Student: 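I have a structure I would like to understand better, so I am pasting it below and will then ask my questions one at a time.
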Amino acid sequence: MQDEVAELARRRGFLWQAFEVYGGAAGFYDYGPLGALLKRRVEAAWREFYLREGFYEVETPTVAPRAVFEASGHLESFSDQAVVCRQCRNFFRVAEREEVGEGQRCPECGGELEDAGEFNLMFQTRIGVPRGGGGRGAGGDEKEERRKSEGYLRPETAQGIFLNFPRLLRFNRGKLPFGAFQIGKAYRNEISPRKSLIRLREFTMAEAEVFVDPAEKEKHPRFAAVKEKRLRLVPSAEGEGKGEEKGEGKREGKGGEEGEGGRGGEEKGEEKSVSVEEAVRSGVVANEFLGYHIARVEEFLVEGLGIPRERLKFRQHRGDEMAHYATDCWDAEFFSERYGWMEIVGVADRGDYDLSAHSLSGGGAGTPNVIEPSYGIDRIVYALLESSFYEEQVGKEKRKVLRFKKEVAPVRAAVLPLLKREELKKKARAVFQELRAAGMFVEYDESGSIGRRYRRQDEIGTPFCVTVDYETLEDDTVTVRERDTMKQVRVVVGEVKNVVKLFRDF
RNA sequence: GCGCCGGUAGUGUAGCCUGGUAUCACAGAGGCUUGCCAAGCCCCUAACCCGGGUUCAAAUCCCGGCCGGCGCACCA
């Protein structure tokens, strides 16, 4: 069933395997013409959403010098060798210098260990040419030089914002809280990228970093706007909420525990549907800031993009699955019929981890904390494709339709002459030009029968079809056909732009 | 990364076991027809993942690679 979405996405130019002419490479996709439109619409909606929140956008490099990730903890967190136990399949990191001998035994069950390879999720590169050309046989100084020229592709967009914290604080005239966001590419050299857009090696993230005085986390100035909102929450089983002491211990304790326990919410805490206010008051969600942003995430996904509310829930990370920088984290998970529950957004409380790590407390009293809604744009695009896809019986035919919310639909409308007669084509082209001139991205299509063209537009999720017939030539009205209901209304050409409203109530 | 299975026009497939360069459908281009939901007719375009081996001959058999699916592991 879901493979049909993938098939449609390929056939209609949403999503293509990248580098196909050279045999492909796992974990990379090309967005075709419609996919790129869809993705841009998601990004645009996201940008607008956080601008309305009062945040400013920044853009920072995708490559950064080694020192950045030394400080951020990313280098340490995943550049070790790894071994896996043949018996119990437990996964262990081996400190860099230690022997990864086949002879060593599994500390859990005593089984034989096998080399699981380099565990390094960051792509390494070089920035400029190191003195000595990076050649071998370099002496101590040259080694140092080379180390300095080492660069990595960022595994998250966030670091670029943290590094600018002092400047951003000045930009905001010294006042907390404030937020900054960024949309951009991030890179992780995944061991086995799989599942369509869900695990990519290059992907687009949209991250907002909210800086707040830790003393003010309990009170969000606009909390009232979200407090009634009901959320489907799955708290982690291990005791309610706050991971206050986790921050420190995390950096060392990355031993063998890592590999245990399934992902995707197996070990469930109890799922509950509560208002944001109740969640915060009862301590299920640690503070108002976190609660506020969780609520906003849901609002964006549901009201902004049209992801069905019943296919979303928020699941809290267990201590052992949290990133090294997080003290608390709630994932927005989307239910995929194909892949099960999957993370599409993470809302993390990063505490003061990052600003402290970079020694950028900003000079004020205490180090600000960071609340971070972090969106996986590609995963959201996948969620939209899957949840919008419907197949229905219409007469003897099956109709495939992508029911995108009209705000994200790649093509806004199609203008079609009822028949391929010159006078109709001429008028239809004029209507088409008019809509284009009005700034709507519309298509024109005169090939085949009218029914065929309607279905073609259904498949790519175009919300409206504007049809020019003989009546148009007399009174300048057209029919506007709505995608989901297939109903039509007659509209004066000049009104087509506003027709959207006519269909809102269907 | 490991194991199992797979890779044929744009898409979905037949052929593979039993070697002799390929079936069908849909889609697409053009034409005829067509007064509102994938109608019909004509014509055209279009494929054996890559490399090596066996053979007179490889889509077909063997090996390797790449990619995909599933399971395990991993997903900071």
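Every value quoted in this text rests on a predicted model; they were computed, and no experiment measured them.
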Student: Do the non-hydrogen side-chain atoms of A:Asp354 and A:Tyr325 ever get within less than 4.5 Å of each other?
Tutor: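 In short, these two side chains touch, coming nearer than 4.5 Å.
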Student: Once you measure the plane-to-plane angle for A:Tyr382 and A:Tyr339, does it fall in the parallel (<30°), tilted (30-60°) or perpendicular (>60°) bin?
Tutor: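 Tilted, since the angle between the ring planes falls between 30° and 60°.
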Student: Given B:C70, is OP1 or OP2 found less than 4.0 Å from the side-chain N or O atoms of A:Arg338?
Tutor: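 For B:C70, OP1 or OP2 has a side-chain N or O of A:Arg338 closer than 4.0 Å.
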Student: Nearest to the side chain of A:Arg11 - B:U11, B:C75, B:C36?
Tutor: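 For A:Arg11, the side-chain atoms sit closest to B:U11.
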Student: Between A:Lys425 (NZ) and B:G31 (P), how many Å, whole number?
Tutor: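 Taking atom P of B:G31 as the reference, NZ of A:Lys425 is at 8 Å.
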Student: Using the ring of A:Phe441 (Phe, Tyr or Trp, six-membered ring only), decide whether A:Arg436 places NZ or CZ under 6.0 Å from its centre and within 45 degrees of its axis.
Tutor: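 Here A:Arg436 passes the 6.0 Å and 45° test against A:Phe441.
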Student: Would you say a side-chain N or O of A:Arg421 is under 4.0 Å from OP1 or OP2 of B:G35?
Tutor: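 So the side chain of A:Arg421 is within the cut-off, an N or O lying under 4.0 Å from OP1 or OP2 of B:G35.
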Student: What's the gap between B:A29 and B:G10 when it is taken at their C1' atoms, as a whole Å value?
Tutor: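 Looking at atom C1' only, B:A29 and B:G10 are 13 Å apart.
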Student: Please state the P separation for the pair B:U55 and B:A14 - nearest whole angstrom.
Tutor: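 My reading of the P atoms in B:U55 and B:A14 gives 32 Å.
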Student: May I have the distance from A:Ile198 (atom CD1) to B:C75 (atom P), rounded to whole angstrom?
Tutor: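 About 17 Å, once rounded to whole Å.
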Student: Measure distances between side-chain N and O atoms of A:Arg399 and base N and O atoms of B:C37, and say whether any donor-acceptor pair falls under 3.5 Å.
Tutor: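 No.
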Student: Please say which of A:Lys195, A:Met342, A:Arg379 ends up in a side-chain contact (heavy atoms from CB on, under 4.5 Å) with A:Ser336.
Tutor: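 Looking at A:Lys195, A:Met342, A:Arg379, the match for A:Ser336 under the side-chain contact (heavy atoms from CB on, under 4.5 Å) is A:Met342.
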Student: Would you find more than 12 non-hydrogen atoms of other residues, nucleotides or ligands less than 6.0 Å from A:Lys398 atom NZ?
Tutor: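 Counting other residues, nucleotides and ligands, NZ of A:Lys398 stays at 12 neighbours or fewer.
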Student: What contact category does A:Gln17 fall into here, base, sugar-phosphate, or nothing, at under 4.0 angstrom with non-hydrogen atoms?
Tutor: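 Result for A:Gln17 = sugar-phosphate.
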Student: If the P atom of B:U21 is compared with that of B:A58, how far apart are they to the nearest Å?
Tutor: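 These two P atoms come out 11 Å apart once rounded.
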Student: Starting from C1' on B:C74, measure out to CG on A:Asp320 and report it in whole angstrom.
Tutor: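 It is 14 Å, rounded to the nearest whole Å.
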Student: Just checking A:Arg10: base, sugar-phosphate only, or nothing, at a heavy-atom cut-off of under 4.0 Å?
Tutor: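 Sugar-phosphate only.
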Student: Taking only the side-chain heavy atoms of A:Ser449 (C-beta and beyond), determine which of B:A39, B:C36, B:G69 contains the nearest atom.
Tutor: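 Side chain of A:Ser449 sits closest to B:A39.
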Student: Would one find a side-chain N or O of A:Ser192 under 4.0 angstrom from OP1 or OP2 of B:G1?
Tutor: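 Answer no for this pair, as no side-chain N or O of A:Ser192 is under 4.0 Å from OP1 or OP2.
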Student: OP1 or OP2 of B:A39 less than 4.0 angstrom from a side-chain nitrogen or oxygen of A:Arg452, does that happen here?
Tutor: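 Indeed, a polar side-chain atom of A:Arg452 lies that close.
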Student: Any chance the side chains of A:Tyr31 and A:Asp378 put a donor and an acceptor closer than 3.5 Å?
Tutor: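 There is such a pair (donor and acceptor under 3.5 Å, judged by atom type) between the side chains of A:Tyr31 and A:Asp378.
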Student: Send over the distance from A:Glu446 CD to B:U34 P, rounded to a whole Å.
Tutor: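 Interatomic distance, CD of A:Glu446 to P of B:U34: 17 Å.
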Student: Starting the side chain at C-beta, find the nucleotide from B:G35, B:U11, B:C37 nearest to A:Met486.
Tutor: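 Closest of the options to the side chain of A:Met486: B:C37.
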Student: So if I take every side-chain heavy atom of A:Glu190 and compare against B:A38, B:G1, B:C75, which nucleotide ends up nearest?
Tutor: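 Closest nucleotide to the A:Glu190 side chain: B:C75.
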Student: Has the side chain of A:Asp458 got a donor or acceptor that lies under 3.5 Å from a partner of the other kind on the base of B:C37?
Tutor: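 Flag unset: no donor-acceptor pair detected.
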Student: Nearest-Å distance, NZ (A:Lys398) to P (B:A38)?
Tutor: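 Checked: the NZ to P distance equals 15 Å.
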Student: Has A:Arg456 got a side-chain N or O lying under 4.0 Å from the OP1 or OP2 atom of B:G28?
Tutor: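 Answer yes for this pair, as a side-chain N or O of A:Arg456 is under 4.0 Å from OP1 or OP2.
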Student: Taking the minimum atom-to-atom distance to the side chain of A:Asp469, which one of B:C36, B:G68, B:G31 wins?
Tutor: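 The answer is B:C36.
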Student: Between P on B:A38 and CD on A:Glu459, what's the gap in Å once rounded to a whole number?
Tutor: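 That distance rounds to 13 Å.
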Student: What integer number of Å spans the C1' atoms of B:U23 and B:C48?
Tutor: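 Straight-line distance between the two C1' atoms is 13 Å.
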Student: Expressed in whole Å, how much space separates the C1' atoms belonging to B:A46 and B:G1?
Tutor: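 About 38 Å, rounded to a whole number of Å.
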Student: Counting distance alone, no hydrogens or angles: does the base of B:C50 have a donor or acceptor under 3.5 Å from a partner atom on the side chain of A:Tyr22?
Tutor: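 In this structure, the two groups form no donor-acceptor pair.
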Student: Base, sugar-phosphate alone, or nothing: which one does A:Gln457 contact when heavy atoms must sit under 4.0 Å apart?
Tutor: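 The answer is nothing, as A:Gln457 stays clear of every strand by at least 4.0 Å.
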